[in-house]
Each structure stands twice: as structure tokens, then as C-alpha cells.
**Student:** 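I have a structure I would like to understand better, so I am pasting it below and will then ask my questions one at a time.
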Amino acid sequence: MQVSARQAATGIAGLDDVLNGGLERGRVFLIEGSPGAGKTTVALQYLLAGAADGERCLYITLSETEDELRATADSHHWSLDGIELFELVPPESLLDEEQQQSLLYSSDLELGETTKRIFEAFEGVKPDRVVLDSLSEIRLLAQSSLRYRRQILALKHYFANREATVIMLDDLTSDVNDKTVHSVAHGVVRLEELSPEYGGERRRLRVIKYRGRRFRGGYHDFAIHTGGVRVFPRLVSAEHKARVERDVMPTSSAEFNALLGGGVERGSSVLILGPSGTGKSVFTLTFVQEAIARGERAGMFVFDEELSLLIARAAGLGIDLQGMMDSGALVLEQVDAAELTPGEFSERVRACVETHGARTVVIDSLNGYQAAMPGEQALVLHMHELLQFLNRRGATTFLTVAQHGLVGDMKAPVDITYLADTVVLLRYFEAIGRVRRAVSVVKKRTGAHEDTIREYRIGPGGVSLGPPLINFQGVLGGVPVLVGDAQMLPEFAA
């Protein structure tokens, strides 16, 4: 996103997008969050971005030592050259017992001395960007809400008159419900750290307030890696409308084309449902192979299977995934459900489409995607935005969902059949002492489709479909009844 001259870029990937351009210059902003949420890292990145643009930067710390700040920077391989660090510690006289027994309250002396030294540090550098870490120390010195508010207002007017862009940090250790600074600050960003029952910590942020600016509301996932913070803005599909040719893409199988009513429309979503082992992944591999054969690019995001096993299994079916990857036609990513946030996953899919140019996207499976969202009640909303985004970008999406059970009445852990444009149903059924597989298309939003049920086999050549099972009744229930005297085709005979 372009940042105007009146805005100060934060230097954090994704955050300027959330803030709709960055921080307005000459204003005071508040970043709050519990200890460990990432406030110091965000603040250092903000100053590093300013230093890179030739601005004067000052970090005033009341809670961390200079050595601790430099250690944080070293952990990210950052150099703090160009950033003035001012460690504000109580003067020795204020630590003296006799001084503390003065008729004047020690808090009065400490607060006044602290403010004076902050102003002296500012005048010595005359910075364009300032970080004040943290307000909790000033709140403790003020001792009352009224004195604290007056002190914050004094700091705000002082910095505003000198046209400095200031970030104040608050670790919320004194009073979580104190909103004093919220009313004074020009903008407020809250960082949160969540601890699921299993897996790494999850972090998210929310812009609570930004005066005179339309920002991207709601929660946005972010992560702290070596090299700094990266924010993953909440995906809003309505922002990505584009003109797309909705041409039909046939498969190489005449039987499958008949079942699909000619093929799959570009930019549509296809949901493949079935119990474990029915070949859902194999069907998606077939679609990927055919997309690349057309000269397109594709992306696969695999939750449930080790990539080396998937590549070897595909090779046994005559599908060279490794060769597709080596040629640059395929992006194949292993997704660790215990470590990846929904926002980061959406960002990866978006980058695959916008940067790599993928026109076919496979998510295998939604069961794994759901596992990446422990405690999340908004899986359907996440998928709605993601599918709408891919649709509007002209990417055809194939999703798999494993149903519980093998035959008979089966249930899926999440029902998104109403979101998908096409629903392909895979089933086991028993016939003449053998376990067989059947495929049918139960929904196609964009046109007519065949309403029959066909048997299919998975072999060295991939998936092959037989004629409609017109002689069986009850296939979807798992135990069909033979009707009439007609026999199945030889290649599908027992």
C-alpha cells in the first residue's frame, strides 16, 4: 500500500494496510497489550523504518534496559544505528531513604523528574519519531487517574507542538480497564496473545480507534519471526473484484465430463466429499495435472499428508508433482495445522494466486484447516471470504472434506456444501463380495449435470470412470441391490 507524505510507514508488512496507510504524522498513538504480545518488537520496527528514511528516531525506555533492547534487536539481526536509546532510570537521590522521608511525596518528585528528563532527551535529539516505553511506569508514579490523565495530556501537547510522531506503549499491568489514554491518543492498537490447548501461541491485533481515518476493522492475525513482525490483514473478498471469463474447462475423461455437465467453470469452487480412502486427493491431483497441461499454474496446500509421501504416491499414478514443482508450474506447500493461523493461511493462498499466478488452487483438506483453528467458531466465514476471493480472481478451487464413517449415514465435521459451486460425492459400496467406489455430482450451481452414479477405479493411470450404475439401487447407502439382468462393463466386472 502507498503511504502518503502525511503518513509515517510502520515498516511492518500488513500493518500499514490495516491502518489504511500508516500513522498520521505529528500525532500520538497507543499500542497496548500484555507482556510478551510483541509491543517492543513493533516499536523497534517502526523506528527502524524511520531511520531507513533518514528520520531522527528516539526510544525512551522506562521499563527495559538498553542492553535488553539491543538483545531484542540482535535476536532479529537488526542494527540500531540511527536510533537514539535513552534509558530513563530513577536518579540516585530518589533512591535515598532520607530523600523519600521528605515532607514532599516521593511520587511528586519522581513524576516531575521523570517528565523533565523525557523532555530533555527529546530536546537533545529533536526526533521525528518517538517511542515511549511504557506508560505503566508513569501511571504508577502518578498514583491517581486525574494526575495520570493530566500528565499524558501534557506529553501529548508537548510532542504535538514539535510535530513528532509518537508511539506510547502500555503493558496493561497496572489497570486493564483504565481507558485514560484511549481518549487522549489519536489512534489505539491492541495486541493480543492467545494460548491454545495445543500448538504454539497465536497472536492477533485490532485497531480500536483511529481518528478521522477509515481503517480495516476486526481482528487480524500476526506473527513474530526472526526479522520482525508480520501482520496478516483480514481478507475482505469485496475488495478484489475483477473481470473473469467463466469458460468451462473439460477434463480428459469423457465419463467425468458427462458427470460434471461438460467440465468445471473457471473461478468456481468444487467440494469433494467422501470417507477416508475414497481417493479425494487423487481426484484433486488429476485436476492439477490437467490445469498444468493446459499451460496454467497451480497451487496445492496439504494439511494431512507428508509431501514426500504425496509426491511418491502421485508418481505411482503417473503424475509427476516433482517435475511440476521444478518447472515452476506448481506451488506445493505443507501446512502445519498446529502452528499456522487462519490469517496466515489466507495470506499464503492469496500470494499463490496474486504472485505466483495460480489459476487452480487445492486445499486438502478442510478437516486439517479446521484443526488449525482451535476454538474458532468462524470457519465458515473464513472459507466464505477465501472462496469468494479466489472466485473473483478467476482461480478454480478444489477442496476436500473427509466424512466420518465408511458406509451408510456419514457426517462431515463442517458443512460448507452451500458455499461450494459444485459438490462431488464419493462413496464405498459392496457388490458381489467386493468393496467398490462410486462417484456422483449432487450439486452444480453453474449449469446442468448428470444425475447418475458411476463406479470408478484408481490405478496406475489415475482415476477411470465406468458407465452409470443403472442396475444397482442403494449405492449411496453402501449396500446396493442388483436390479434387472444387465451386467456392468467388462473392465468394471468382478
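Positions are given from 1, in the same order as the sequence printed here. What you see below is based on every heavy atom in this structure, not just the backbone, and it leaves out hydrogens, waters and symmetry mates.
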**Student:** Does Gln473 have more than 12 heavy atoms from other residues, nucleotides or ligands lying within 6.0 Å of its CD?
**Tutor:** no
**Student:** Please say whether more than 12 non-hydrogen atoms of neighbouring residues, nucleotides or ligands are located less than 6.0 Å from CZ in Arg214.
**Tutor:** no
**Student:** Would you confirm whether His449, through its side chain, and Val441, through its main-chain N or O, come within 3.5 Å as a donor-acceptor pair?
**Tutor:** yes
**Student:** Which one of Glu192, Glu193, Glu344 satisfies the salt bridge (charged side-chain N to carboxylate O under 4.0 Å, His left out) criterion with Arg203?
**Tutor:** Glu193
**Student:** I'd like to check Phe429 versus Leu469 (side-chain heavy atoms, cut-off strictly below 4.5 Å). Are they in contact?
**Tutor:** yes
**Student:** Does Arg213 make a cation-pi contact with Phe215, if we ask for NZ or CZ under 6.0 Å from the ring centre and within 45° of the axis?
**Tutor:** no
**Student:** Of all heavy-atom pairs between Gly50 and Cys57, which one has the smallest distance, and what is that distance?
**Tutor:** C-SG, 3.9 Å
**Student:** Do Asn257 side-chain atoms and Gly263 backbone N/O form a donor-acceptor pair below 3.5 Å?
**Tutor:** no
**Student:** If we only count heavy atoms from C-beta on, is the Tyr46 to Leu23 side-chain gap below 4.5 Å?
**Tutor:** yes
**Student:** Tell me if the centroids of the rings in Phe256 and Tyr456 come within less than 6.0 Å of each other.
**Tutor:** no
**Student:** Can you check whether Leu426 reaches Arg437 side chain to side chain, under 4.5 Å on heavy atoms?
**Tutor:** no
**Student:** Would you say the side chains of Asp364 and Thr284 form a donor-acceptor pair under 3.5 Å?
**Tutor:** no
**Student:** What I'd like to find out is whether the side chain of Thr10 reaches to under 4.5 Å of the side chain of Leu19, using heavy atoms alone.
**Tutor:** yes
**Student:** Between Lys209 and His182, is there a donor-acceptor pair closer than 3.5 Å when you use the side chain of the first and the backbone of the second?
**Tutor:** yes
**Student:** Does the pair Arg436 and Glu430 meet the rule for a salt bridge (Lys or Arg N to Asp or Glu O under 4.0 Å), with working shown?
**Tutor:** CA-CA 6 Å; Arg436 304 187 180 203; Glu430 176 190 355; over 6 Å; no
**Student:** With side chain to side chain contact (heavy atoms under 4.5 Å, CB included) as the test, would you mind laying out the steps for His220 and Leu15 before giving the verdict?
**Tutor:** CA-CA 9 Å; His220 310 273; Leu15 184 55; over 6 Å; no
**Student:** Could you go through the salt bridge (Lys or Arg N to Asp or Glu O under 4.0 Å) check for Glu66 and Arg70 one step at a time?
**Tutor:** CA-CA 6 Å; Glu66 181 176 341; Arg70 293 193 180 279; 3.1 Å; yes
**Student:** At their closest point, which heavy atom of Tyr428 faces which heavy atom of Ser276, and how far apart are they?
**Tutor:** OH-O, 2.8 Å
**Student:** Roughly how far, to the nearest 0.5 Å, is CG of Leu307 from CD of Gln334?
**Tutor:** 4.0 Å
**Student:** Please confirm whether the backbone N or O of Ile311 pairs with a side-chain atom of Gln322, one donor and one acceptor, at under 3.5 Å?
**Tutor:** no
**Student:** How long is the gap from CD on Glu455 to CG on Leu465, to the nearest 0.5 Å?
**Tutor:** 9.5 Å
**Student:** Evaluate the salt bridge (Lys or Arg N to Asp or Glu O under 4.0 Å) criterion for residues Glu32 and Arg190: first the C-alpha distance (whole Å), next the side-chain angles of each, then the deciding distance (0.1 Å), finally the verdict.
**Tutor:** CA-CA 5 Å; Glu32 62 180 15; Arg190 171 166 289 189; 2.7 Å; yes
**Student:** Quick one: pull up OG1 in Thr397 and CG in Leu386 and give me the separation to the nearest 0.5 Å.
**Tutor:** 7.0 Å
**Student:** Has the side chain of Asp421 got a donor or acceptor atom that lies under 3.5 Å from a matching backbone atom of Arg445?
**Tutor:** no
**Student:** Does the side chain of Gln289 come within less than 4.5 Å of Asp320's, by heavy atoms?
**Tutor:** no
**Student:** Verify whether one side chain among Asn391 and Ser268 offers a donor that lies under 3.5 Å from an acceptor in the other.
**Tutor:** no
**Student:** Whether the side chain of Lys280 engages the backbone of Pro275 through a donor-acceptor N/O pair (distance < 3.5 Å, no angle test) should be reported.
**Tutor:** yes
**Student:** What I want to find out is whether Arg266 reaches Asp247 closely enough, with some N-O distance under 4.0 Å, to be called a salt bridge.
**Tutor:** yes
**Student:** Report yes if the distance between the aromatic ring centroids of Phe345 and Phe303 is under 6.0 Å, otherwise no.
**Tutor:** yes
**Student:** Verify side-chain hydrogen bond (donor to acceptor under 3.5 Å, both in side chains) between Ser237 and Glu385, making sure each step is shown before the conclusion.
**Tutor:** CA-CA 5 Å; Ser237 60; Glu385 291 298 319; 3.0 Å; yes
**Student:** Rounded to the nearest 0.5 Å, what separates atom CG in Leu330 from atom CE in Met325?
**Tutor:** 6.5 Å
**Student:** Only one of Leu172, Val131, Ile31 forms a side-chain contact (heavy atoms from CB on, under 4.5 Å) with Lys39, so which one is it?
**Tutor:** Ile31
**Student:** Without swapping roles, check the side chain of Arg427 against the backbone of Thr278 for a donor-acceptor pair under 3.5 Å.
**Tutor:** no
**Student:** Side chains of Asp221 and Arg202: closer than 4.5 Å at any heavy-atom pair?
**Tutor:** no
**Student:** Walk me through it: do Gln45 and His76 pass the test side-chain hydrogen bond (donor to acceptor under 3.5 Å, both in side chains)?
**Tutor:** CA-CA 10 Å; Gln45 274 186 268; His76 293 288; over 6 Å; no
**Student:** What I'd like to find out is whether the side chain of Phe29 reaches to under 4.5 Å of the side chain of Met168, using heavy atoms alone.
**Tutor:** no
**Student:** Just checking, is any N or O donor in the side chain of Thr61 or Asp133 under 3.5 Å from an acceptor N or O on the other one?
**Tutor:** no
**Student:** First locate atom OG of Ser79, then atom CG of Leu48, and finally report the distance between them rounded to the nearest 0.5 Å.
**Tutor:** 8.0 Å
**Student:** Assess the side chains of Glu305 and Ser281: does a donor N or O sit below 3.5 Å from an acceptor N or O?
**Tutor:** no
**Student:** side-chain hydrogen bond (donor to acceptor under 3.5 Å, both in side chains) between Glu290 and Ser252: does it pass, once the steps are laid out?
**Tutor:** CA-CA 8 Å; Glu290 293 178 347; Ser252 59; 2.5 Å; yes
**Student:** Any chance you could measure Arg454, atom CZ, to Ile470, atom CD1, to the nearest 0.5 Å?
**Tutor:** 10.5 Å
**Student:** For atom CD of Glu245, is the number of surrounding heavy atoms from other residues, nucleotides or ligands below 6.0 Å larger than 12?
**Tutor:** no
**Student:** Test: ring-ring contact (aromatic ring centres under 6.0 Å, His included). Region: residues 228-252. Which pairs qualify, not counting sequence neighbours?
**Tutor:** His240-Phe389
**Student:** Take Ser136 and Asp171, measure what side-chain hydrogen bond (donor to acceptor under 3.5 Å, both in side chains) needs, and give me the verdict at the end.
**Tutor:** CA-CA 7 Å; Ser136 296; Asp171 59 18; 2.3 Å; yes
**Student:** Salt bridge check, Glu239 against Arg216: does any charged N sit closer than 4.0 Å to a carboxylate O?
**Tutor:** yes
**Student:** Could you check whether atom NZ of Lys443 has more than 12 heavy atoms from other residues, nucleotides or ligands sitting under 6.0 Å from it?
**Tutor:** yes
**Student:** Listed by chain and number, what are the salt bridge (charged side-chain N to carboxylate O under 4.0 Å, His left out) partners of Asp304, not counting sequence neighbours?
**Tutor:** none
**Student:** With a 4.5 Å cut-off on side-chain heavy atoms, are Leu169 and Leu135 touching?
**Tutor:** no
**Student:** Yes or no on side chain to side chain contact (heavy atoms under 4.5 Å, CB included) for Glu333 and Val302, after CA distance, side-chain angles and deciding distance?
**Tutor:** CA-CA 6 Å; Glu333 290 196 23; Val302 181; over 6 Å; no
**Student:** Any donor and acceptor pair, going by atom type alone, linking the side chain of Thr396 with main-chain N or O of Gly267 inside 3.5 Å?
**Tutor:** yes
**Student:** My understanding is that only one of Leu366, Val442, Thr417, Leu399 makes a side-chain contact (heavy atoms from CB on, under 4.5 Å) with Leu273; could you say which?
**Tutor:** Thr417
